[in-house]
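The basis for the numbers below is simple: all heavy atoms, side chains too, and nothing from hydrogens, waters or symmetry mates. Keep in mind that what you see is a predicted model, and the values were worked out from it rather than measured.
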Amino acid sequence: MTTTALVTVPAAAARRRRRTAADAEEVNPLAMLRSRRRDRVIIQVILVVLTLWWIFPLAVAVSSSLGFGGLQNYVAVLTQPLNGVYLGLTFVNSASIAVIHAVVVCVVSALAGFAFSRLEFPWREQIYYAVLIFLAVPGTAIIVPVYYISGTLGLFNTPFGVALPEAALTLPFGVLLMKNFADGLQASTFEAAAVDGANTWQIFRRIYLPQVRSPLINLAILSVMWSFQDFIFPSLLLRTPELTTASQAVQTIRGAFGATPQQNAEFFAALVLLSLPAVLLVTFGLRWVSRGLTSGGSKE
């Protein structure tokens with residue numbers, strides 16, 4: 001009887017585990033899709049079609065840029081001014097604005113995420129929800145205030161004048177991201193540090209920051225990408241050709257090219273170069289972006 005019971009209990013436990021796994025697959029539609037070969041094939045076909053759909057314009061631009069003159073077209077657009085704009089300088093201008101944008105967003109979001117998640121102060125929830133409301137504010141809605149404030153502070157034709165409004169629009173998302181991540185961190189580590197005599201700044205620097213590296217990198221990459229793509233604020237606040245950004249250059253340099261095949265190829269070469277920063281950021285930063293959006297602390 002004893003031997004039979006010992007054999008029966010593991011067998012029953014194994015059957016329960018199988019039933020639990022089966023129930024989980026029935027509840028999770030993604031697991032059901034992965035378990036069916038036909039559905040996997042359909043999903044793969046859809047992903048391939050979407051990939052080709054997005055790659056096609058870039059492939060056409062690259063092919064057109066090499067049609068007449070080959071790689072010399074790229075050398076020409078990088079070394080010659082186009083409507084008074086040097087293409088290489090536009091990358092430097094965009095990069096300087098993007099760095100300021102990313103630094104401001106990451107610093108403020110890290111501090112705000114820690115405060116909203118781990119500190120107790122009056123009206124904490126109300127202030128947090130007030131910040132989130134600004135997620136619904138589009139950039140066009142603050143053009144007039146930004147123009148007035150920038151003129152008052154003397155920020156026209158400066159990287160800070162463009163980076164600060166961009167950062168103001170990105171900050172609500174950054175605060176939301178960092179606060180949600182901080183909520184998932186183990187409270188015991190913060191409590192232990194406080195018991196050991198650590199002050200708030202030490203807890204922030206030694207306990208909180210090392211654990212939020214992934215979302216901070218994710219936020220920095222997204223901030224740089226959004227800054228490179230911004231057209232509204234550079235066009236509003238930058239007045240001289242020497243400060244033209246990469247997003248502005250697409251429109252600015254169009255008049256520098258004629259209708260000849262050679263000039264058309266050079267124009268496509270310029271478009272490929274202007275799209276290169278975004279492509280590189282997505283290619284090399286996608287790992288950090290996906291990790292920052294899906295990872296989180298482990299709750300107790």
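Interatomic distance, Leu219 CG to Ser214 OG, rounded to the nearest 0.5 Å: 12.5 Å. Of the inter-residue distances, the one linking Leu271 atom CG with Ile253 atom CD1 reads 6.0 Å to the nearest 0.5 angstrom. Taken to the nearest 0.5 Å, the CZ atom of Arg206 stands 14.5 Å off from the OG1 atom of Thr189. One finds the CD1 atom of Ile232 at 11.5 Å from the CD atom of Gln248 (value rounded to the nearest 0.5 Å). Distance check, rounded to the nearest 0.5 Å: CD1 of Ile142 to CD1 of Ile149 gives 8.5 Å. Rounded to the nearest 0.5 Å, atoms CD (Gln186) and CD (Glu191) are 10.5 Å apart.
At least one side-chain heavy atom of His101 sits under 4.5 Å from a side-chain heavy atom of Thr170. Side-chain contact between Pro215 and Val212: present, with at least one pair of heavy atoms (C-beta onward) separated by less than 4.5 Å. Between Val62 and Phe268 there is no side-chain heavy-atom pair separated by less than 4.5 Å. Between Leu274 and Thr90 there is a side-chain heavy-atom pair separated by less than 4.5 Å. Under the 4.5 Å side-chain criterion, counting only non-hydrogen atoms from C-beta, Val103 is in contact with Val99. You'll find the side chain of Met178 reaches within 4.5 Å of the side chain of Leu216, heavy atoms only. Within the 4.5 Å cutoff, the side chain of Ser247 has no heavy atoms near those of the Gln229 side chain. Inter-residue side-chain proximity for Trp226 and Asp230 is flagged as unmet; no heavy-atom pair is nearer than 4.5 Å.
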Starting from the C-alpha separation in whole Å, work towards a yes-or-no answer on side chain to side chain contact (heavy atoms under 4.5 Å, CB included) for Arg118 and Leu185. CA-CA 10 Å; Arg118 296 297 167 182; Leu185 300 177; 3.8 Å; yes
Check the pair Ile221 / Met225 against side chain to side chain contact (heavy atoms under 4.5 Å, CB included), numbers first and verdict last. CA-CA 6 Å; Ile221 292 172; Met225 289 176 55; 4.0 Å; yes
Begin with the C-alpha distance, continue with both residues' side-chain angles, and end with the deciding distance and a verdict on side chain to side chain contact (heavy atoms under 4.5 Å, CB included) for Thr244 and Leu238. CA-CA 7 Å; Thr244 301; Leu238 301 179; over 6 Å; no
Where do Phe233 and Leu169 land on the side chain to side chain contact (heavy atoms under 4.5 Å, CB included) test, with the steps shown first? CA-CA 11 Å; Phe233 292 118; Leu169 290 174; 3.6 Å; yes
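In terms of the side chain to side chain contact (heavy atoms under 4.5 Å, CB included) criterion, residue partners of Gln251 (sequence neighbours excluded) are, by chain and number, Phe231. With sequence neighbours excluded, the residues forming a side-chain hydrogen bond (donor to acceptor under 3.5 Å, both in side chains) with Ser117 are Asp183, listed by chain and number. Pro138 meets the side chain to side chain contact (heavy atoms under 4.5 Å, CB included) test with Thr140, Ala141; sequence neighbours excluded. Partners of Arg124 according to the salt bridge (Lys or Arg N to Asp or Glu O under 4.0 Å) rule, which considers only residues two or more places apart in sequence or in another chain, are Glu120.
Counting only residues at least two apart or in different chains, ring pair (Phe, Tyr, Trp, His ring centres under 6.0 Å) contacts with residues 190-214 comprise Phe114-Phe204, Phe114-Tyr208, Trp201-Phe204, Phe204-Tyr208.
Scanning all heavy atoms of the two residues, the minimum distance from Ala163 to Ile100 falls at CB-CG2, 3.6 Å. Among all heavy-atom pairs drawn from Leu87 and Val77, the shortest one is CB-O, 3.5 Å. Contact between Ser94 and Ala246 at its shortest, heavy atoms only, is OG-N, 2.8 Å. Listed here is the closest heavy atom pair of Phe91 and Leu273: CZ-O, 3.1 Å. Of all non-hydrogen atoms in Ile127 and Pro122, the two that sit nearest each other are CD1-O, 4.2 Å. Residues Leu164 and Leu155 approach most closely at CD1-CD1, 4.4 Å, considering heavy atoms.
Put simply, Ile217 and Phe228 are part of the same group of oily side chains (I, L, V, M, F, W, Y) that touch within less than 4.5 Å, one to the next. Linking Ile, Leu, Val, Met, Phe, Trp and Tyr whenever their side-chain heavy atoms come within less than 4.5 Å leaves Phe68 and Val75 in two separate clusters. Residues Leu153 and Val162 do not share a hydrophobic cluster, clusters being chains of Ile/Leu/Val/Met/Phe/Trp/Tyr side chains in contact below 4.5 Å. Leu111 and Phe181 fall within the same hydrophobic cluster, defined by Ile, Leu, Val, Met, Phe, Trp and Tyr side-chain heavy atoms under 4.5 Å apart, directly or through other members. Under the 4.5 Å side-chain heavy-atom criterion for ILVMFWY residues, no single connected hydrophobic cluster contains both Val137 and Val144.
Within 6.0 Å of the OH atom in Tyr148, the count of heavy atoms belonging to other residues, nucleotides or ligands does not exceed 12.
Side-chain N or O atoms of Asn73 include one that pairs as donor or acceptor with a backbone N or O of Ser65 at under 3.5 Å. Arg239 places no side-chain N or O within 3.5 Å of a backbone atom of Asn157 that could act as its donor or acceptor partner. No donor-acceptor distance shorter than 3.5 angstrom exists from the side chain of Ser109 to the backbone of Cys106, with no hydrogens or angles considered. No donor-acceptor distance shorter than 3.5 angstrom exists from the side chain of Asn218 to the backbone of Ala220, with no hydrogens or angles considered.
Remark: the Gln263 side chain and the Thr260 side chain contain an N/O donor-acceptor pair separated by less than 3.5 Å. Residues Ser227 and Glu166 bring a donor and an acceptor atom of their side chains to less than 3.5 Å of each other.
Remark: aromatic rings of Tyr128 and Trp123 are distant, center separation not under 6.0 Å. Ring-centre distance between Tyr147 and Phe156: below the 6.0 Å cut-off.
Summarising the hydrophobic clusters (Ile, Leu, Val, Met, Phe, Trp, Tyr; side-chain heavy atoms under 4.5 Å, direct or chained), the residues clustered with Val41 are Val45, Val49.
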